[in-house]
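Okay, structure first, notes after.
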Amino acid sequence: PGPKRLRAVGELFYEYDGERMNFPEVHHHHLRSQYGDVFRMTMPSGDHIVYLNQPKHIQALISQDTPLPEQTILNIEGYLEEDDKGDELDLHEYALQGRDWYDPRDWVYNELRKGEMVGRCIKEINRNMDRLINNIDQIQHQQGYIGDLSSLTENFSIDNCSAVLLGRRVGAVEGTEDASIFKEIRRRFNNSLTKLYLTPKHEAGPESLPYQQLQNEAKLIHDFAEERILEFLNLQEGHLKLKRTILGKLAKRFGKSSHVVSGMRDDFLRSVADPSGNSCAFLIHRLASDPELQEKLFSEMSSVVGDDMKDLTDSHLEKLSLLPACVKECFRLNPSTFASGRRTTQDIEVDGFFVPSGHCVAYNNLLLARDSRVYENADQFIPARWQNPKEGMIDPYASLPIGHGFRTSIGIKMNRLEMKVMAIRLILKYKMTTQELAGGFTSRNFMMTPDANISIKFEERR
């Protein structure tokens, strides 16, 4: 019912098959061209998902948020209701939507923004940059260039997250066994989650192979983390260093054995480490593609930061104007995920279409970023658009690459710190060059990643 009938495009299971899953922005551009800015697809679970493609539509969606908005991703709870075997470990911690998840998540989000924690983050990131630069110099000496920047930045982000979360690094930059195991089981879990998401509900119950695979991968992550993290908590109990970590503060607040500690641990590692490495790689590739922009940044960084990286603080970062603009523009063109959204909590009308309460509604970050109706020269990397934007020039709902409100990425502050510190360290030390990516960007497990290896040549400044 409603003023206009929603255009039903087809089933998500078929629409996202094969190449279409790998290049969703191309496919969604085709769908929008054919069906308009608002259309609906059927999800494998039998639910419908409504896609929005204009900032005003997204504003209408977010304006109906309750204090605890539900996300649109796979409703694992629907499967859990059918699973009454009482397994020791289930998937509830991966499907939390209520107050018991939001409260600790909100606490972590705010804790990461406090001055003391920001200072600690910058110090840890700076230390890990020392190790990363050592890696870059070694590979550059052997090969003459860095052939896969994304792999290095992924390791860099994993070590940053583990240092801030646990107070100790996993050792990803050095390629330790623990880091390799962690990356592999995380990759398998994300693959299984995507597979279950795209499997029709009648084929994805608790006895099904996709469900069992996800259950098994979840248990691997759980056991791996529990063994190492509980050992760390017990060894370091009462130690000042532990008390300063996110995990130590969570354990003190909720208890070491609380499901909050394990749930927030996994959420933090996935939400920060997964997209952060890609964001860092995207930014460095953008900067390496523009020598003139690099020199402008070098001039600004030199005057604000100077030569002594050991004393880098948040006050230095706040005095920079061009670098934050570059980070924002990078997020616009290369968001962490290709789509975000909500479940409606009440009936709403969008562009004349009636969307009932309980519907999944999503907006495509990539299409919005490249929409010439929203941005002038939408496909171009122009940081200046964020430095002195004209009033009304940038719609606040046109760029939500890390979510909105309670659904803002839990580690966005740390992600931005990583990107800024990395850019400062690399630009002050090197001149960087690269080649345009032959393909573009793809979505793996709904995270945006480069379609090809990012190759960078680093030349030391004299």
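For this chain, numbers begin at 1 and follow the sequence in order.
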Practice item. For K420 and V327, run side-chain contact (heavy atoms from CB on, under 4.5 Å): C-alpha distance rounded to whole Å, both residues' side-chain angles, the deciding distance at 0.1 Å, then the answer. Key: CA-CA 8 Å; K420 291 175 183 178; V327 170; 4.1 Å; yes
**Study point:** 4.5 Å side-chain heavy-atom contact, F39 and Q34
**Key:** no
Point to revise | Main-chain N/O of G277 paired to E154 side chain as donor or acceptor, under 3.5 Å | key: no
Check your understanding: Under the 6.0 Å and 45° cation-pi test, does R40 pair with Y51?
Key -> no
Practice item. Begin from the C-alpha positions of I424 and L320 and carry the test side-chain contact (heavy atoms from CB on, under 4.5 Å) through to its verdict. Key: CA-CA 10 Å; I424 290 171; L320 301 170; 3.8 Å; yes
Review point. So, S63 side chain and Q59 main chain: donor-acceptor pair closer than 3.5 Å or not?
Key: yes
Review point. So, N128 versus D159: side-chain donor-acceptor pair below 3.5 Å or not?
Key: no
Check your understanding: Is there a donor-acceptor pair closer than 3.5 Å between any side-chain N or O of N377 and the backbone N or O of Q380?
Key -> no
Check your understanding: Is it true that D37 and R373 make a salt bridge, defined as a side-chain N closer than 4.0 Å to a carboxylate O?
Key -> yes
Review point. Are the side chains of V118 and K114 in touch, meaning some heavy atoms are under 4.5 Å apart?
Key: no
Review point. Would you say the side-chain atoms of T313 and H316 include a donor-acceptor pair closer than 3.5 Å?
Key: yes
Review point. Does the pair D371/R32 count as a salt bridge with the N-to-O cut at 4.0 Å?
Key: yes
Check your understanding: Tell me, do Y363 and S340 make a side-chain contact under 4.5 Å, heavy atoms counted?
Key -> yes
Practice item. Test R286 against N334 for side-chain hydrogen bond (donor to acceptor under 3.5 Å, both in side chains), laying out the working first. Key: CA-CA 10 Å; R286 294 284 181 184; N334 305 115; 3.2 Å; yes
Practice item. Would you sort out whether Q346 and S357 count as a side-chain hydrogen bond (donor to acceptor under 3.5 Å, both in side chains), showing the intermediate values? Key: CA-CA 4 Å; Q346 60 190 35; S357 176; over 6 Å; no
Point to revise | Pairing residues for F381 by the ring pair (Phe, Tyr, Trp, His ring centres under 6.0 Å) criterion, not counting sequence neighbours | key: none
Review point. Sub-3.5 Å donor-acceptor pair from the side chain of T153 to the main-chain atoms of S150, do we have one?
Key: yes
